[in-house]
Amino acid sequence: MRTSGLAILLIILGTFLTSTAQIFYKTGADRLSLSFVNMLTNFYLPVGVFIYILAGVLMLVAFKHGEVSVLYPIFATSYIWVMLSSRFFFGEAFNMHRWIGVGIIVFGITLVSIGGNKKKEQAIESGEVV
Amino acid sequence: MATALWSIVVVLIACVLGSFGPIYMKRGSNGLVFKAKALAKNKNLWIGSMFYLGSTIMFIPALKFGEVSVLYPIASTSYIWVSLLSIKLLGEKMNWVKWLGVVIIIIGVSFVGLGI
């Protein structure tokens, strides 16, 4: 089965949303208190859950249009989002090691996508004579 | 903080279990219909969700008792298990380029783990 570009994009978007949802959970949990006012106005947790469900729906649609062995490694883009958010949201210090790691991860994901779209294998799968 | 052996074992088990999640979600996506009844009857979605939930529940306490530099790379072996399971259970095909990509991802995750 050929993994469509749309499926890949949906997984990237879905992973981004999942990482965003986690920021909402963390913020919501940090601000959680058992006061009446808090219960009414602490919207972070429910918003986080909503984003999480939305991400799940997108990823489910993506799975329909591609191979799991190509799409699942793309979940590793979550490391990119976590790195960016820790740097720009939570003000953590720049760490060269981590950024190199993220670069290597992106390279690995790219290889998996390339490997998943080898023309010869798709031709064999679709029954053409090679 | 040294990494407790039990946390390594738990992370490994959680990661293998969790790898069944995407496999069943993929199966569930094949006949996907966005209607309440159809979704409720989609057994593969339920099974996949259970695997995801179960593995997450195992992961979270284990992560507290171990260093990220050890546990992250172990958790990233999920890309290997998912690839293997996709061959066995979904009839997908792997090739050396995809495997190389998976290995490189694990190396990248190890860098990230060491950098924290």
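Convention: sequence-line order gives letters A, B, ...; per-chain numbering from 1. A quick note: this is a predicted structure, and the numbers were derived from the prediction, not measured.
Side-chain atoms of B/T77 and B/W81 form a donor-acceptor pair, as typed in the model, at a separation below 3.5 Å. Using modelled atom types, one finds a donor on one side chain and an acceptor on the other under 3.5 Å when comparing B/K98 with A/S69.
Comment: B/E92 does not engage B/K26 in a salt bridge, judged by the lack of any side-chain N to carboxylate O separation of less than 4.0 angstrom.
Counting heavy-atom pairs closer than 4.5 Å to chain A, the top-ranked of the candidates B/I107, B/V109, B/V103 is B/V109. Most heavy-atom pairs under 4.5 Å with chain A: of the set B/S86, B/G91, B/G108, this distinction falls to B/G108. Of the residues considered (A/F107, A/F75, A/W99, A/Y72), A/Y72 shows the highest number of contacts with chain B, using heavy-atom pairs under 4.5 Å. Ranking A/V102, A/I114, A/I105 against chain B, the residue ahead of the rest is A/I105, based on heavy-atom pairs under 4.5 Å. Chosen from B/G28, B/S110, B/P22, the residue pairing most often with chain A at heavy-atom distances under 4.5 Å is B/P22. Residue with the most contacts toward chain A among B/S76, B/G48, B/S78, B/S19: B/S78 (heavy-atom pairs, distance under 4.5 Å).
Relative ring orientation between B/Y24 and B/F51 is described as parallel, the plane-to-plane angle staying below 30° on a 0-90° scale split at 30° and 60°. In this pair, B/F65 and B/W6 present their aromatic rings tilted. The plane angle is within the 30 to 60° band.
Contacts between B/I106 and chain A at a heavy-atom distance below 4.5 Å are absent for every atom of the residue. Interface residue A/Y79: only side-chain heavy atoms are found under 4.5 Å from chain B. Contact annotation for B/L90: only side-chain heavy atoms (C-beta onward) come within less than 4.5 Å of a heavy atom of chain A. Proximity to chain A is absent for every atom of B/W99, based on heavy atoms less than 4.5 angstrom apart.
Other residues, nucleotides and ligands place no more than 12 heavy atoms under 6.0 Å from the OH atom of A/Y52.
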